[in-house]
There are 2 protein chains.
Amino acid sequence: MNKSQIKTKLTQHGHRPTASRLEVVDALLTYHGHMTADDLFEKMRDGGSNVGRMTVFRTLDLLAEIGVVRPTYGGSGAAHFVLLEDGHHHHLVCMRCSTTVEFAECSFADELSQQLANQFKFRIEGHMLEIYGVCESCQ
Amino acid sequence: MNKSQIKTKLTQHGHRPTASRLEVVDALLTYHGHMTADDLFEKMRDGGSNVGRMTVFRTLDLLAEIGVVRPTYGGSGAAHFVLLEDGHHHHLVCMRCSTTVEFAECSFADELSQQLANQFKFRIEGHMLEIYGVCESCQ
DNA sequence: CCCAAATTGATATAAAATACCAGTATGGCT
DNA sequence: AGCCATACTGGTATTTTATATCAATTTGGG
Ligand SMILES: [Zn+2]
Ligand SMILES: [Zn+2]
Ligand SMILES: [Zn+2]
Ligand SMILES: [Zn+2]
């Protein structure tokens, strides 16, 4: 998912693709997600941006609402936001040290998606597969 | 996963299945997860337990470390813990109101598990499939 | 029974998320 | 272009959540 697709998605949902929001999007794409709101805010500030901390939080919430990112827990108390490329995201996470690696293979079937949509009356927009284990150095 | 299995797992990992910890496990099984640490603490206190708040937090962390529960994001700032029955957990979550429903069907293939284990040198112990969408009442 | 190590739980502290609000930018309208 | 209603911003204050500390207690091995 690139910047202009995200911009379009914001508009489609009735939100303005303001300069501040697009700066957050740029930072997200640059660092490829997997960061807390404060991490992202600091990176942006260090990079010369003067978008406020609250705007970073709110923009991430907004992006979560429209399916661009998803908050997950990554070892600390703070939510880590991952990018949902084409609606999905898959990673392995170490249960000890929280090291995380992403992978592309997807075993989520369209038929399961259909079945769940029918059964629970959800409009399905994406998914995340999170696999737990113990990494090499923690074994 | 039942109480005695969890007890065994604690022992196997070198932790003591103390009375306080088992009270937390009981509460988890009773309320079937999907709660924050403070939620669980309050339920326990209301039920007459005098296990301390810190012990609830620490026990949940411990259970996460050995793969019994997993923290996820559940709409508020606090981590919600889900039970990993037989190592896995699957649910649908509404991107707007965070309503969550669980389902049993699993499309995670053993061969993918093998492949990832080899590729990233992880010992794989479980997974969570989280599907995002918009629930009926939010559509 | 005795001791070292693990665990507990209260309190203190830090970190993270949210509420609030006055000011600013935006887009639709005339 | 100028006006207005509304969306958005960003600072600060507050609340909520998580972690660090530490003395007291419990536990299991010798
Ligand atoms: Zn690790
Ligand atoms: Zn997928
Ligand atoms: Zn909903
Ligand atoms: Zn599964």
Side-chain angles (χ1 to χ4, degrees), chain A residues 6-7 9-27 34-66 69-81 96-98, chain B residues 6-27 34-45 47-66 69-81 96-98:
Chain A
I6 296 172
K7 195 170 160 181
K9 211 162 185 179
L10 278 167
T11 306
Q12 283 172 343
H13 283 80
H15 305 295
R16 294 177 183 168
T18 63
S20 293
R21 285 174 178 165
L22 293 177
E23 276 193 62
V24 174
V25 168
D26 276 334
H34 269 294
M35 305 177 78
T36 69
D38 275 319
D39 288 344
L40 203 59
F41 169 63
E42 279 170 32
K43 291 270 188 193
M44 288 171 68
R45 159 153 296 181
D46 292 351
S49 170
N50 35 20
V51 172
R53 203 177 87 102
M54 285 320 306
T55 299
V56 175
F57 271 83
R58 279 188 295 233
T59 301
L60 288 170
D61 283 348
L62 200 60
L63 294 175
E65 203 177 295
I66 65 177
V69 299
R70 173 72 194 168
T72 71
Y73 274 87
S76 78
H80 288 236
F81 290 83
R96 302 283 148 69
C97 70
S98 294
Chain B
I6 295 172
K7 196 171 161 182
T8 303
K9 211 163 186 180
L10 277 167
T11 306
Q12 284 172 343
H13 283 80
H15 304 294
R16 294 176 184 169
T18 64
S20 294
R21 284 173 180 165
L22 292 177
E23 277 193 62
V24 174
V25 168
D26 276 333
H34 269 294
M35 305 177 76
T36 70
D38 275 319
D39 287 344
L40 203 58
F41 169 63
E42 279 169 32
K43 291 269 186 193
M44 289 172 67
R45 158 154 298 182
S49 169
N50 37 17
V51 172
R53 201 176 87 103
M54 280 306 105
T55 299
V56 176
F57 271 83
R58 279 187 295 233
T59 301
L60 287 170
D61 283 347
L62 201 58
L63 293 175
E65 203 176 294
I66 65 178
V69 298
R70 174 73 195 167
T72 72
Y73 188 83
S76 78
H80 288 236
F81 291 83
R96 302 282 148 70
C97 69
S98 294

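- Within a 6.0 Å sphere centred on NZ of B/K43, other residues, nucleotides and ligands contribute 12 heavy atoms or fewer.
- Between the NE2 atom of A/H13 and the C1' atom of D/dC8 there is a distance of 19 Å, given to the nearest Å.
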Nucleotide-resolved protein contact map, nucleotides 17-23 of chain C, B/S/- at heavy-atom distance under 4.0 Å: BBBB---
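- One can place CZ of A/F41 at 11 Å from P of D/dT12, the figure rounded to the nearest angstrom.
- Atom-to-atom distance recorded for A/L22:CG and A/I6:CD1 is 9.0 Å, nearest 0.5 angstrom.
- For the pair B/L62 CG and D/dA18 P, the interatomic distance rounds to 17 Å; values are reported in whole Å.
- Both A/S20 and B/P17 lie close to DNA chain D; mapped to their nearest nucleotides by heavy-atom distance, the more 5′-ward contact belongs to A/S20.
- As rounded to whole Å, 14 Å separates atom C1' of D/dT26 from atom CG of B/L22.
- Summarising the geometry, the separation between CD on B/E23 and P on C/dT7 is reported as 17 Å, rounded to the nearest angstrom.
- Contact check, B/R16 against D/dG28: no side-chain N or O comes under 4.0 Å of OP1 or OP2.
- Atom CG in A/N50 sits roughly 19 Å away from atom P in D/dC8 (whole-Å rounding).
- Residues A/T18 and B/A19 both approach DNA chain C. Their nearest nucleotides, taken by heavy-atom distance, put B/A19 toward the 5′ side.
- Contact detail for A/T11 and A/P17: the closest heavy-atom pair is OG1-CG, 3.9 Å.
- Atom CE in A/M44 sits about 11 Å away from atom P in D/dT9, given to the nearest Å.
- Between A/N50 and A/R45 the shortest side-chain heavy-atom distance does not fall below 4.5 Å.
- One distance of note links CZ of B/F81 with CG of B/D61; it measures 6.0 Å at 0.5 Å rounding.
- Note that CG of A/L63 is 11.0 Å distant from NE2 of A/H13, once rounded to the nearest 0.5 Å.
- The separation between A/H80 atom NE2 and C/dA15 atom P is 14 Å, rounded to whole Å.
- A/R16 has its side chain within reach of A/R21: a pair of non-hydrogen atoms, C-beta onward, lies under 4.5 Å apart.
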